[in-house]
Amino acid sequence: MPATAKLQTRKPSALPAAKASKAQVCKAEAGSARRERNCSVARTLDIVSDAWAFLIIREAFFGTQTFEAFRTALGIPRATLTDRLRKLTQLAIFRQVAPGSALRKEYRLTKMGFDLYPSFIALMQFGDRWLAGGKPAPLTLVHMSCSCDSHPIVACSHCGERLTARNARYRDGPGAGRHPAKAGRNTRRASDGSRFSFGRPSSVSRALEIIGDKWSFMVVREGFFGNRRYDKILTELEIAPNILTDRLNRLVASGVFYRRQYQSSPDRYEYLLTDMGHDLYGPFITMLRWGDRWLSKGKPPLLLTHLTCGRDFHASVNCDRCKQPIVATDMRYKLTYDPKAFGALGPRSVDS
Ligand SMILES: [Zn+2]
Ligand SMILES: [Zn+2]
């Protein structure tokens, strides 16, 4: 992890960072070539942080396949649904099939689409742990292989131990570097998490309300890179100060960061990940795995080493009971809500 290594050997001084940041800020405000880290998590989030795309994929995991069923479950306008299904098919997350009659087309998840399941589960576990507001989680997972209620963990693919940010290290991979930032959603100034909350209650939606906004995600990611200080984050992300202030305030309010003063006159603060913030590590590296596998053309930007076993690893989402990696087809659900109240399908083969 280059940034942390730097932090360990060199104490960043506030002043030069602030100077550099002014130039960067002008650049950001002028909308000229801002450059972003190559990042497999960002590539994954680019897809699932489109709220409609995310909701459609989520319904597909519940077994929804037809245009009308997606429409009923999400109350989504026809034109929007047509557009998103077309895009998700182009991205090869869905494939279109016409079983029996060509008139009744269905959308099925591809292997690449199904492989998003562990990322959804990792986000769901995070939402269950931190964002359920003291209420029971919307659904319980049942792992068919071991017939147990399962609370999957994000584990090392090599030794199977649970992973945390503290027991992993990063280094640049063959795809490391930067690319010109795309305009558009990346530069959205307001972050409105409520766009994820259509349809059924969902811990994944709650998690995306916090990190599904591109800037919020990137600020949290800097936390994992060890960049704690406002000026340093500003320089690294080439972000406009008002957006950074807004996102840091939101992330403090939602409990992802806490603020600590490290200097007075002038007062300066750093932003540290809370336990809840640290717990985003699992979802992050699970999405990283998906992006590496499907979108990095064989060149992952980051390589991860597990300090406990000393091996390079990728994230594996495993059943906490039988320790086996979970796959969508091997899970059933018990719901704490009535899916029909949301016009949605129940879980496949409800075991009640
Ligand atoms: Zn390991
Ligand atoms: Zn199991």
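Counting starts at 1 for both ligands and their atoms, following the listed order.
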Angle, ND1 of His306 through the Zn ion (ligand 1) to SG of Cys159 - 10° precision: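 Vertex at the Zn ion (ligand 1): approximately 100°.
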Angle at the Zn ion (ligand 1) (to 10°), with one arm to SG of Cys309 and the other to SG of Cys156: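 Approximately 120° at the metal, rounded to tens of degrees.
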Heteroatom N/O/S of Cys319 within less than 2.8 Å of the Zn ion (ligand 2):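 Yes, Cys319 qualifies, because one of its backbone or side-chain N, O or S atoms lies under 2.8 Å.
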Cation-aromatic face contact Arg200/Phe62, 6.0 Å, 45 degrees: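 Yes; both conditions hold, so Arg200 lies above the ring face of Phe62.
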Tyr271 six-ring centre to Arg228 NZ/CZ under 6.0 Å and within 45° of normal: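 Cation-pi check for Arg228 and Tyr271: fails.
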Side-chain (Thr336) to main-chain (Pro138) donor-acceptor, under 3.5 angstrom: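 Yes, Thr336 side chain to Pro138 backbone: donor-acceptor pair under 3.5 Å.
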Angle subtended at the Zn ion (ligand 2) by His143 ND1 and Cys322 SG, rounded to 10 degrees: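 Value, to the nearest 10 degrees: 100°.
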Parallel, tilted or perpendicular: ring planes of Tyr281 versus Phe224, cut at 30 and 60 degrees: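 Taking Phe224 first and then Tyr281, their aromatic rings sit tilted (interplane angle of 30° to 60°).
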